[in-house]
Amino acid sequence: MTAEVARLCKKSMESVSLGTKEENIQHGRDYYKFLFTNYPELRIYFKGVEHYTAEDVQTSERFEKGGARALLAAHLLAETFENQQVFKAYVRETINHHRVHKMDPALWLEFFTVFVKYLETKTAVNEETKEAWAEMGRVFNAEAQAHLKNLNLPHV
Ligand code: HEM
């Protein structure tokens, strides 16, 4: 089960490969362009650039770097899922990094729907693969909410 979820998620991540070529960097920019266009309500968390349009994201160095980091993070989720100890530690680390952004805790689960929709702009994502990402999201979210609770922070 865990291995199958990892396999499907990793396979779908092949459409957004990492690297130094222009096409790799564009995948990262495209993630934030997708987010800012389709989920404008999430822009409030990006301080100083809340008003950015997709065109602004395209030419922004902040989002060029941020996009690469965000995609690397998504790859790491898929790559570590088979080792639950590492995966869950990485979830907690991600929560720690985001603490400063004071995000609505419901977003941790929602992220996985958003991310699959982004992937669908790059490749065909079948139902089985969508379910794999949903399952990863449930494991991520359970660990995230437990960690937020431990930190006495808002959780759902
Ligand atoms: C809807 C859910 C999420 C929101 C609203 C969100 C929001 C943010 C914000 C506001 C930043 C700072 C970027 C900047 O101001 O330029 C950021 C950075 C980052 N996010 Fe997220 N994030 C979400 C989910 C995730 C998830 C699930 C991961 C991991 C898989 C992740 C990984 C990162 C990384 C690696 C960075 C850059 C470095 C860092 O601050 O750790 N994010 N995110």
Side-chain angles (χ1 to χ4, degrees), residues 2 5-6 8-19 24-122 125 129-130 132-149 151 153-156:
T2 305
V5 167
L8 290 165
C9 292
K10 282 193 279 188
K11 182 87 191 141
S12 64
M13 289 302 288
E14 286 173 10
S15 61
V16 287
S17 58
L18 302 172
N24 305 118
I25 298 163
Q26 190 58 38
H27 289 322
R29 289 191 199 101
D30 286 345
Y31 170 65
Y32 277 120
K33 285 170 82 173
F34 175 82
L35 196 78
F36 273 51
T37 304
N38 297 288
Y39 299 88
E41 68 278 12
L42 296 182
R43 296 187 303 178
I44 52 161
Y45 296 112
F46 294 83
K47 295 297 168 211
V49 292
E50 296 94 332
H51 60 286
Y52 268 27
T53 62
E55 293 93 282
D56 296 325
V57 170
Q58 177 62 33
T59 53
S60 150
E61 200 185 324
R62 176 165 163 187
F63 285 107
E64 179 182 316
K65 297 209 167 90
R69 283 196 205 107
L71 274 195
L72 171 58
H75 275 276
L76 290 174
L77 292 181
E79 294 291 333
T80 58
F81 194 69
E82 269 181 287
N83 187 332
Q84 289 279 299
Q85 189 187 25
V86 177
F87 178 83
K88 288 179 182 172
Y90 186 56
V91 173
R92 297 191 299 275
E93 189 64 15
T94 300
I95 301 307
N96 292 343
H97 267 133
H98 285 75
R99 191 172 171 158
V100 56
H101 304 307
K102 299 189 176 7
M103 280 162 50
D104 175 350
L107 287 174
W108 293 115
L109 186 59
E110 258 176 71
F111 169 82
F112 290 84
T113 309
V114 174
F115 192 74
V116 167
K117 287 193 194 293
Y118 158 70
L119 279 181
E120 284 187 295
T121 68
K122 297 284 179 181
V125 182
T129 303
K130 281 185 194 167
W133 279 103
E135 174 58 18
M136 184 193 285
R138 286 189 285 271
V139 177
F140 183 107
N141 189 52
E143 186 65 19
Q145 303 303 335
H147 188 54
L148 288 167
K149 189 170 183 222
L151 296 172
L153 291 172
H155 57 280
V156 289

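Atoms within a ligand are numbered from 1 in the order they appear, just like the ligands themselves.
Comparing F46, F111, Y39 by heavy-atom distance to atom 27 (C) of ligand 1, the nearest is F111. When E93, R62, K47 are ranked by how near their heavy atoms come to atom 15 (O) of ligand 1, first place goes to R62. Atom 24 (C) of ligand 1 has its nearest heavy-atom neighbour, among W108, Y90, Y45, in W108. The closest non-hydrogen atom to atom 37 (C) of ligand 1, taken over E50, R69, R43, comes from R69.
The shortest heavy-atom contact between Y45 and L107 is CE1-CD1, 3.5 Å. The shortest heavy-atom contact between A78 and A6 is O-CB, 4.1 Å. Of all heavy-atom pairs spanning G137 and L109, the tightest one is O-CD1, 3.6 Å.
Those atoms of ligand 1 that come under 4.0 Å of a heavy atom in L77, given as number and element, are 30 (C).
Note on residues 87-105: pairs passing salt bridge (charged side-chain N to carboxylate O under 4.0 Å, His left out), not counting sequence neighbours, are R92-E143.
With sequence neighbours excluded, the residues that form a salt bridge (charged side-chain N to carboxylate O under 4.0 Å, His left out) with E14 are K11.
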side-chain hydrogen bond (donor to acceptor under 3.5 Å, both in side chains) between T53 and D56, worked out: CA-CA 5 Å; T53 62; D56 296 325; 3.1 Å; yes
How far apart are the C-alpha atoms of E135 and T2, what are their side-chain angles, what is the distance that settles it, and do they pass the side-chain contact (heavy atoms from CB on, under 4.5 Å) test? CA-CA 9 Å; E135 174 58 18; T2 305; over 6 Å; no
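Contacts of F63 with ligand 1, taken as heavy-atom pairs under 4.0 Å, are absent altogether.
A centroid separation of 6.0 Å or more is found between the aromatic rings of Y32 and Y52.
Regarding atom 3 (C) of ligand 1, its nearest protein heavy-atom neighbour is M103 CE, 3.5 Å.
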Enumerate, atom names and distances included, each donor-acceptor pair closer than 3.5 Å involving a side-chain atom of residues 110-120, sequence neighbours excluded.
| unit_1 | atom_1 | unit_2 | atom_2 | d |
| --- | --- | --- | --- | --- |
| Y118 | OH | H27 | O | 2.7 |
| E120 | OE2 | K130 | NZ | 3.1 |

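Distances from atom 21 (Fe) of ligand 1 under 2.8 Å pick out these protein N/O/S atoms: H98 NE2.
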